[in-house]
Protein chains: 2
Amino acid sequence: MRHSYKFPRPALTVDCVVFGFDDAKLKILLIQRGLEPFKGRWALPGGFAHIDESLDAAARRELQEETSLQDVFLEQLYTFGALDRDPRGRVVSVAYYALVDLAGHPAIGATDADAAAWFPLPKLPPLAFDHGRIVAKAVERLRAKVRYEPLGFELLPGKFALSQLQTLYEAVTQSSIDKRNFRKKILAMDVLTPLNEFAAQGAHRPAQLFRFNHAKYVALKKGGFNFEL
Amino acid sequence: MRHSYKFPRPALTVDCVVFGFDDAKLKILLIQRGLEPFKGRWALPGGFAHIDESLDAAARRELQEETSLQDVFLEQLYTFGALDRDPRGRVVSVAYYALVDLAGHPAIGATDADAAAWFPLPKLPPLAFDHGRIVAKAVERLRAKVRYEPLGFELLPGKFALSQLQTLYEAVTQSSIDKRNFRKKILAMDVLTPLNEFAAQGAHRPAQLFRFNHAKYVALKKGGFNFEL
DNA sequence: TCAAAAGTGTTCTTGATACACCCATGC
DNA sequence: GCATGGGTGTATCAAGAACACTTTTGA
């Protein structure tokens, strides 16, 4: 440790890629910047980490402050430290990604003047800083991880139909899945609790609703089971 | 962005978990600290990030300075930002993990007074700071990633026998693999180039040597192929 | 000639894939 | 009664798992 603790330090920020799912589309929550640099541009919610809070706490605080989101799935993604990523000087950003039930948070207003809006993934506006890179990394992570961890449920309401789940997986992994095989596989895992409730939302047979049984998943996992789709 | 760029900042360090493989054992390279705090304790190579270098560059520089390692596989692991992880104050550490051919770097002396040594994974000494946590995370990542990315070859010499590769996989994933099935599968992937060289190292039949064909792997991957063991 | 690791195929089992029709509802 | 999405079973195919003996070398 040859370099002093007192040398000039990079600034530290946290940024959050918030994923939501709606209408067969994967979406991302962006806020419009009210200040320079990149004033008026869309950007990831985030900001400077305080010296007296952990990184996770900083991410949750910024999410709460800028998007009113609370108690969501949040996981560290990657830390971006290129020299020129912020025109104000040296700023290192610890990026997080969050998964939220978009139906439960339809139009989220920020507490300050900045606008917030959901954008479908393929149609993102130009982003501030290196946030485009961060989003790309988050999408890559989500695509990979959704296959072997039960993350998808975080993007759905607590009660959901199997077809919703399937549509979600098809959207995230950009594939199309056979309906019968999908249902067979997910039900065989035995982590979904069937409910005696049905969602009637159109001129067709109502779909049975299910709930993800988190406790059972944890128990199965302890016994060597691996979620995989 | 409501919090000033001028607020007190956490210090930023990088730490490296260096993996090596030798003698059927997975090992980690540690250095013994010459300074307080934790003077005399074993720790991960690392140190403060300079303001004028990227995080990756900082990790490579520290690795070079403290262990003389250069041109090794290096990838960002996770960023550790708990409030109390460093007794000197608020220090956030961006952790990396490196994979090196241990046979090519047997006894690595640090450039300064600190000692450096390889420790087999299950027998690590008590570590400074939260480095135990960092190692645990690195091991978890390596175990998972070695199954679907060709990382294992980074831990072996350029020319290796199939039995070495198998032993490596058995050590990393803590499983035992059937010899015939292993060879069938890895050879079927068609990413190993058989050499007309043989390693005679004992009173038994010499093993044919192979080389990992990185270019071919990249090409296959582009065509949708996925490495998996 | 013995010990020690290298090398080699086949069978069986399991999981993945492909595929088509009836059901319940609202309009 | 028709349009819409919900719900169901079987046959085929491919990949993974299990398994034992011969070969080459040095001591």
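In what follows, chains carry the letters A, B, and so on, assigned in the order in which the sequence lines appear, proteins first and then strands, with residues in each chain numbered from 1.
- As a whole-Å value, the separation of B:Arg147 CZ from D:dG16 C1' is 13 Å.
- Contact check, B:Ser163 against C:dA5: no side-chain N or O comes under 4.0 Å of OP1 or OP2.
- Closest to the side chain of A:Ala207, out of C:dC19, D:dT24, D:dG7, is D:dG7.
- Following rounding to the nearest Å, A:Asn181 (CG) and D:dT8 (P) show an atom-to-atom distance of 14 Å.
- Protein atom CZ of B:Phe198 is 23 Å distant from nucleotide atom P of C:dA4, rounded to whole Å.
- Ranked by how close their nearest DNA chain C nucleotide is to the 5' end, B:Phe210 and A:Lys184 are led by B:Phe210.
- Taking 4.0 angstrom as the limit, A:Lys185 places none of its side-chain polar atoms (N or O) nearer than this to OP1 or OP2 of C:dG15.
- Between the side chain of B:Arg180 and the base of D:dA17, no donor-acceptor pair under 3.5 Å is found.
- Candidate nucleotides C:dG7, D:dC19, D:dG6 were compared by shortest atom distance to the side chain of B:Gln208, and C:dG7 ranks first.
- Closest to the A:Arg183 side chain, of the nucleotides D:dG6, D:dC19, C:dA16, is D:dG6.
- The closest side-chain donor-acceptor pair between B:Glu75 and B:Tyr97 falls under 3.5 angstrom.
- Among the nucleotides D:dT4, C:dG9, D:dT25, the one closest to any side-chain atom of B:His204 is D:dT25.
- In this structure, NZ of A:Lys179 is placed 17 Å from P of C:dA18, rounded to the nearest angstrom.
- Aromatic rings from A:Phe38 and A:Phe129 are positioned such that their centres are separated by under 6.0 Å.
- Protein atom CD of A:Gln166 is 9 Å distant from nucleotide atom P of D:dG6, rounded to whole Å.
- Counting to the nearest Å, the P atom of D:dT23 and the CZ atom of B:Arg205 are 9 Å from each other.
- Exactly one of B:Phe21, B:Phe153, B:Phe210 qualifies for a ring-ring contact (aromatic ring centres under 6.0 Å, His included) with B:Phe160. That residue is B:Phe153.
- A salt bridge is absent between B:Glu228 and B:Arg147: the closest approach of a Lys/Arg side-chain nitrogen to an acidic carboxylate oxygen does not fall below 4.0 angstrom.
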